[in-house]
Structures are given as C-alpha cells and as structure tokens.
Enquirer: 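Right, I'll just put the structure down here and ask away after.
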Amino acid sequence: MSQPAGAAGSVPDRSWFERPVLDVAADLLGSHLTHRTPEGTVTLRLTEVEAYGGADDPGSHAARGVTVRNRSMALAGGHLYAYRHLGLHTCLNVVTGPVGEPSAVLLRGAEVVDGSGLALARRTERGVVREERDLARGPARLAVALGAGVDHDGTDLLDAAEGLELRVSPDRGSGAWTSGGEVRRGPRVGVSGAGGDGALFPWRLWLADEPTVSAYRAVSSRRR
DNA sequence: GGTACGATTGTCT
DNA sequence: GACAATCGTACCT
C-alpha cells in the first residue's frame, strides 16, 4: 500500500514518550494512530485523552503500585497498556515516562480518518452505530474501531512489526496548537476516589469543537 | 476462599 | 436520567 500524499506527521522516538505524562498527552491530540491488520488498515486522529500518573495520582491504576494488571504501565514509554474493564470493554493507553515509573495516557476519543468502513464493520458487530462520529467516541469504542484488544497489552508502538504506528501531528509546535482547534482541559471522566472531583487532577485533555469528544459523565452512584 | 468494585456502554423508561 | 451487563483484580478474613 502506497503512502498517501501528505501523510501526517513523523514517527517519534523513545525519548518523545519518556517526557512528563501531561506533555505527551497534550502532544498526542491531533496525532494519528494506525493499525495494520490482514483485514485492512484503520487510522485514527486522537481528539480526547486523559493522563494518569503513578503512586502520586489517586485516580490511577498505579496508585497502589505496580501489580499484575497494570505492569505494562511501568514499561518504557511508547508501549501500549490495554486492560479489560467491567469484563466487557477494552481501554487503550500509551505508556509514558521511563522504565519503572508507571504513567500512561488513556485514549478516550478519536476521529476515523482512514478505514472507516472497516471500523464501522467492527463496531457494528458489537451494536448499533448511529452516527459516524460515534465510531471511536469513547475509550472502549475507540479500541474496537482500531481493532486492538487486551492481547495488544505490552505492544511496543516503536516496533513496526506489531502493525501499530503513531505519527505525531505536524501541526504540533512547541506546546501550542496553531490550527485545528485549541486544547481544552478539565476533570477526568468516571474516576472515583480521591482523584474524582478533578480539582487536583484536571488531566482530561481534548480538542475544542471536535464532535468526536465524548460527553462528560460524572461518577455515577449506582446500587449493586 | 470470599467479596466488592471498576479509567464503560447500551438500552430502557 | 437511571440501570443492567459481566468478570478480572484487589483486598479482606
């Protein structure tokens, strides 16, 4: 398959991922994530992410240290941390920081810029897709559209043989967007516990005016 | 060994 | 707007 003209961005190196998690999160917005499989290729443009730190972040999986589930968070930056939530859904994270310092960026929303037919087919298998913007709006939907699951946990994005490739948006300058919408910041979605009110950790980042950004939902109090 | 709960989503009212 | 689905992990006894 030939590279489309004007293919967005460049492939970052390891040091790009080993920066502070908030810096990486901000720079991931607008970046393109491609997954090549035998059935086809899907490329996403990331529009919404959330940053999660280590022991200092009470909302993070790593708040109580590295465990079997979150061990991928402590890998070198540039790896993928994928986990199953509620036994139903898969959520994808890009690991940041150096080895042994768990932190990651949760991919919450994206626009399908290539392979929308394949993404739609994958999503339709799991339910009804009402609008095209819903293809990858929400972390679990994003994972389905991309064709990634928990078996991609620990995958290295810098290893081309894995079929996953990240390209940083060419619009990214030194920390500020010049086009394509501005970066907004707010409390993280659905995080319960000490980090739930978002006052201390407004680490959800998204691009303003993007229809693929998921709606904010406060922590719901549900009976069991 | 047992139990509570979660970085969600889809459906029903 | 509210709730059920569903299961692996963490924590407690």
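The chains referred to below are lettered A, B, ... by the order of the sequence lines, with proteins before strands, and numbering in each begins at 1.
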Enquirer: Using Watson-Crick pairs (N1 to N3, plus N6-O4 or O6-N4) and G-U wobble pairs, both distances under 3.5 Å, which stems of at least 3 pairs involve DNA chain C?
Expert: B:1-6 with C:7-12, B:8-12 with C:1-5

Enquirer: According to a 4.5 Å side-chain heavy-atom criterion applied to Ile, Leu, Val, Met, Phe, Trp and Tyr, with indirect links allowed, do L118(A) and L92(A) form part of one hydrophobic cluster?
Expert: yes

Enquirer: Between dA7(B), dT9(C), dA5(C), spot the one nearest the side chain of T67(A), thanks.
Expert: dT9(C)

Enquirer: Would you kindly give the OH-to-P distance between Y52(A) and dG6(B), to the nearest whole Å?
Expert: 13 Å

Enquirer: Please report the distance, rounded to the nearest Å, between CZ in R71(A) and C1' in dG8(C).
Expert: 12 Å

Enquirer: So with a 6.0 Å cut-off around CG of D56(A), is the heavy-atom count from everything else above 12?
Expert: no

Enquirer: Quick one: CD on E132(A) to CG on L120(A), what's the gap to the nearest 0.5 Å?
Expert: 8.0 Å

Enquirer: Could you please name the option among dT9(C), dA5(C), dT11(B) that lies closest to any side-chain atom of L86(A)?
Expert: dA5(C)

Enquirer: Could you measure the distance from the OG atom of S103(A) to the CE atom of M73(A)? Nearest 0.5 Å is fine.
Expert: 6.5 Å

Enquirer: Please check the phosphate of dA7(B) (OP1 and OP2 only) for any side-chain N or O of H85(A) closer than 4.0 Å.
Expert: no

Enquirer: Does the Lys NZ or Arg CZ of R14(A) fall within the cation-pi geometry relative to W16(A) - under 6.0 Å from the ring centre and within 45° of the axis?
Expert: no

Enquirer: When rounded to the nearest 0.5 angstrom, what distance separates CG in L107(A) from CG in L28(A)?
Expert: 7.0 Å

Enquirer: I need the R137(A) CZ to R141(A) CZ distance, nearest 0.5 Å.
Expert: 6.0 Å

Enquirer: Taking atom CG as the centre, does D159(A) end up with more than 12 heavy-atom neighbours from other residues, nucleotides or ligands that are less than 6.0 angstrom away?
Expert: yes

Enquirer: Among dG10(B), dA7(B), dT9(B), which nucleotide sits nearest the side chain of R123(A)?
Expert: dG10(B)

Enquirer: Taking 4.0 Å as the cut-off, does a side-chain nitrogen or oxygen of R137(A) come that near to OP1 or OP2 on dT9(B)?
Expert: no

Enquirer: Can you measure R141(A) atom CZ to dT11(B) atom C1' for me and round it to whole angstrom units?
Expert: 12 Å

Enquirer: Within this structure, what is the NE2-to-P distance between H61(A) and dG6(B), rounded to whole angstrom?
Expert: 10 Å

Enquirer: May I ask you to check whether E18(A) and T96(A) show a side-chain donor-acceptor distance below 3.5 Å?
Expert: no

Enquirer: Can you find a side chain N or O atom of R64(A) that sits less than 4.0 Å from OP1 or OP2 on dC11(C)?
Expert: yes

Enquirer: Let me know the distance between CD of E131(A) and C1' of dG10(B), rounded to the nearest Å.
Expert: 15 Å

Enquirer: Check each residue of residues 91-109 of chain A for a non-hydrogen atom within less than 4.0 Å of any atom in DNA chain C, then write out the ones that pass by number, or none.
Expert: none

Enquirer: Would you classify R69(A) as touching base, sugar-phosphate or nothing, given that sugar-phosphate means primed atoms plus P, OP1 and OP2, and contacts are heavy atoms under 4.0 Å?
Expert: sugar-phosphate

Enquirer: Within the structure shown, what part of the strands sits under 4.0 Å from G138(A) by heavy-atom distance: base, sugar-phosphate, or nothing?
Expert: sugar-phosphate

Enquirer: Measure from CZ on R204(A) to C1' on dT8(B) and round the result to the nearest Å.
Expert: 14 Å

Enquirer: So, OP1 or OP2 of dA5(C): does either fall under 4.0 Å of a side-chain N or O from R126(A)?
Expert: no

Enquirer: Using whole Å, report how far CZ of R188(A) lies from P of dT8(B).
Expert: 11 Å

Enquirer: Strictly by side chain to side chain donor-acceptor pair (under 3.5 Å), give each pair with a member in residues 79-90 of chain A just once, sequence neighbours left out.
Expert: H61(A)-Y81(A)

Enquirer: Rounded to whole Å, please give me the gap between NE2 in H89(A) and P in dT11(B).
Expert: 11 Å

